[in-house]
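Worksheet for the structure shown next.
Residue numbers start from 1 in every chain, and the chains themselves are labelled A, B, ... in the order their sequence lines are given, proteins ahead of strands.
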Amino acid sequence: MAGGNRSLETPALVVSSRRFKEADQILTLYTRDRGRVSAIAKGIRRTKSRLGGRLEPFSLVEISLHLGRSSLYSITGAQTIRTFQAVRDRLYRMDEGARLLEDVRRYFPEEEENAAAFNLLVRAVGYLSLAESREAAAGVVLAARSKLLVAHGYLPELDSCQKCGEDEFLCAFDPSLGGVVCRDCYGEGVQDCFRLSDQGLTALREVLVRPLSEAAEVRVSKAVSGEVERAVSRIFDHHGH
Amino acid sequence: MAAARGAAAVRHGSKLFSPPIQRLIDELSKLPGVGPKTAQRLTFHLLRLPPEEVLPLARALEEAKERIGFCRKCFNLTEEEECELCRDPRRDPSLICVVEEPSDIISVERTHEYRGRYHVLGGALSPIDGVGPDRLRMEELFRRVREEEVREVIVATNPTMSGEATALYIAEELRPEVEAGKLRVTRPAAGLPMGGDLEYADEVTLSRALAGRRDV
């Protein structure tokens with residue numbers, strides 16, 4: 001930690017928690033000031049813990065952390081900013097939101113500040129808490145995941161073939177090249193490349209440019225959203241940390 | 001994590017301890033909440049004890065593992081095919097309290113307030129960790145509810161995100177019976193712990209307590 005200061009206060013979104021020892025939990029947090037961190041919440045599972053229900057996944061808190069001798073932060077305090085309780089009140093919101101948090105856990109670099117990604121994540125959870133159907137929740141999460149790619153510097157190239165530069169007959173997606181390829185280049189010794197329909201390409205462009213606030217209203221077929229989902233997941237798989 | 005700790009212990013201790021000692025340290029460090037250092041301390045403590053004090057522990061472990069299984073009805077731990085609670089004719093068979101683990105039964109029983117039966121799920125749904133209903137004893141619960149004359153299911157899973165997800169799932173699956181007026185699906189009230197200070201209550205608990213307020 002800079003300047004020997006081993007304590008930190010920062011807004012953080014609770015990403016996941018798992019039981020540890022008798023009454024502790026180890027949490028994954030996505031903080032505004034230090035990116036993804038792991039921290040131990042001692043005694044949190046006791047009914048009289050003052051951290052209590054503040055540190056459930058999807059909660060936005062002002063967290064106080066201290067780095068002791070181990071590599072794990074200790075949580076010394078937490079104040080609720082938003083509980084986003086509505087996410088936990090519907091199974092479909094939790095199911096869809098879990099994929100968003102899984103991205104944070106798997107691909108977001110540890111201890112790397114990214115305020116844009118943090119703000120986007122918080123806004124996405126906010127919109128998720130308002131989603132009135134599974135389709136709306138899925139729309140928010142898909143749009144948020146796509147935009148999180150961009151926030152991490154992985155803007156997919158969707159306007160021209162990443163092999164030959166052709167801007168017509170684009171028909172597949174190559175995660176290793178980070179964008180689309182044309183029909184002549186598709187299948188030329190690439191392992192991870194997959195077909196992308198015209199509708200899939202249009203939907204992918206749309207989720208990247210449309211504001212997150214409109215994401216819940218976008219309706220595409222399951223097959224098309226599956227294509228977008230696949231492109232986003234494969235880029236994360238390929239380039240994420 | 002325990003396996004990784006065990007592996008670390010082997011790396012650091014393989015030249016220091018003879019194989020039987022190392023094996024005991026490795027086995028103990030697989031226990032929840034026991035790290036390599038604690039495992040080492042426990043091992044040396046056990047080795048210092050006279051055989052007549054250590055061997056009963058080994059026998060107790062073996063005996064418990066051999067004789068204890070799951071109740072075929074509620075999946076509580078038992079020596080018989082059905083546990084004592086399921087066999088007790090004084091307990092109300094129309095009430096089922098759903099819990100995550102057998103240890104939760106002990107907590108509910110300590111209240112002396114509940115006289116129904118139980119169902120142990122063996123965990124809770126966790127969308128984030130990919131734990132779906134097929135990994136829990138959900139089907140067995142729904143079968144019990146439909147085959148036995150159950151009028152209330154109390155979902156006493158933990159008040160965590162996983163516990164809440166589990167409760168929502170059970171309520172959703174049993175909705176037809178609830179809508180037909182045959183069944184109630186309830187959840188224990190969430191609120192302030194007795195003896196606690198309002199000042200220190202977290203916002204989530206306090207808002208739940210206010211939502212579930214009752215006449216006095």
- Item | Other residues, nucleotides, ligands: >12 heavy atoms within 6.0 Å of B:Glu149 CD | no
- What do you reckon, is CZ of B:Arg146 surrounded by more than 12 foreign heavy atoms closer than 6.0 Å? yes
- How about A:Arg82: does its CZ atom have over 12 heavy atoms from other parts shown lying under 6.0 Å from it? no
- One should read off an interatomic distance between B:Asp129 CG and A:Ser16 OG, to the nearest 0.5 angstrom, of 7.0 Å
- chain B contact via A:Arg105 - which portion, at a heavy-atom distance below 4.5 Å: side chain
- Message: Given heavy-atom pairs under 4.5 angstrom as the criterion, report whether the side chain, backbone, both or neither of A:Leu51 touches chain B.
- Response: backbone
- Donor-acceptor pair, side chain of B:Glu164 and main chain of A:Arg88, under 3.5 angstrom: no
- Query: Rounded to the nearest 0.5 Å, how far does OG of B:Ser162 lie from CZ of A:Arg19?
  - Reply: 8.5 Å
- Nearest 0.5 Å, what's the CG-CD1 distance between B:Asp202 and A:Ile44? 9.0 Å
- Which region of A:Leu101, side chain (C-beta onward) or backbone (N, CA, C, O), has a non-hydrogen atom less than 4.5 Å from a non-hydrogen atom of chain B, or is it both or neither? side chain
- Task: Verify the neighbour count for atom OH of B:Tyr200: are there more than 12 heavy atoms of other residues, nucleotides or ligands below 6.0 Å?
- Result: no
- Under 4.5 Å from a heavy atom of chain A, the part of B:Asp197 involved: neither
- Item | B:Glu109, CD: over 12 other non-hydrogen atoms inside 6.0 angstrom | yes
- Query: For B:Val204 and A:Thr83, which heavy atoms make the closest approach, and how far apart are they?
  - Reply: CG2-CG2, 3.6 Å
- Item | Within 6.0 Å of CZ in A:Arg90, more than 12 heavy atoms from elsewhere | no
- Message: Quick one, B:Leu168 with A:Met94, criterion side chain to side chain contact (heavy atoms under 4.5 Å, CB included). Give me CA distance, side-chain angles, the key distance, then yes/no.
- Response: CA-CA 11 Å; B:Leu168 289 170; A:Met94 270 192 268; 3.6 Å; yes
- Given a strict heavy-atom distance threshold of 4.5 Å, which part of B:Thr205 is in contact with chain A: side chain, backbone, both, or neither? side chain
- Query: Taking all atoms of both residues into account, what is the closest heavy-atom pair of B:Ala201 and A:Arg54, and its distance?
  - Reply: O-NH2, 3.6 Å
- Region of A:Asp24 that comes under 4.5 Å of a non-hydrogen atom in chain B: neither
- Of the backbone (N, CA, C, O) and the side chain (C-beta and beyond), which part of A:Val87 lies under 4.5 Å from a heavy atom of chain B, both, or neither? neither
- Excluding sequence neighbours, so at least two apart, what forms salt bridge (Lys or Arg N to Asp or Glu O under 4.0 Å) with A:Arg134? A:Asp95, A:Glu96
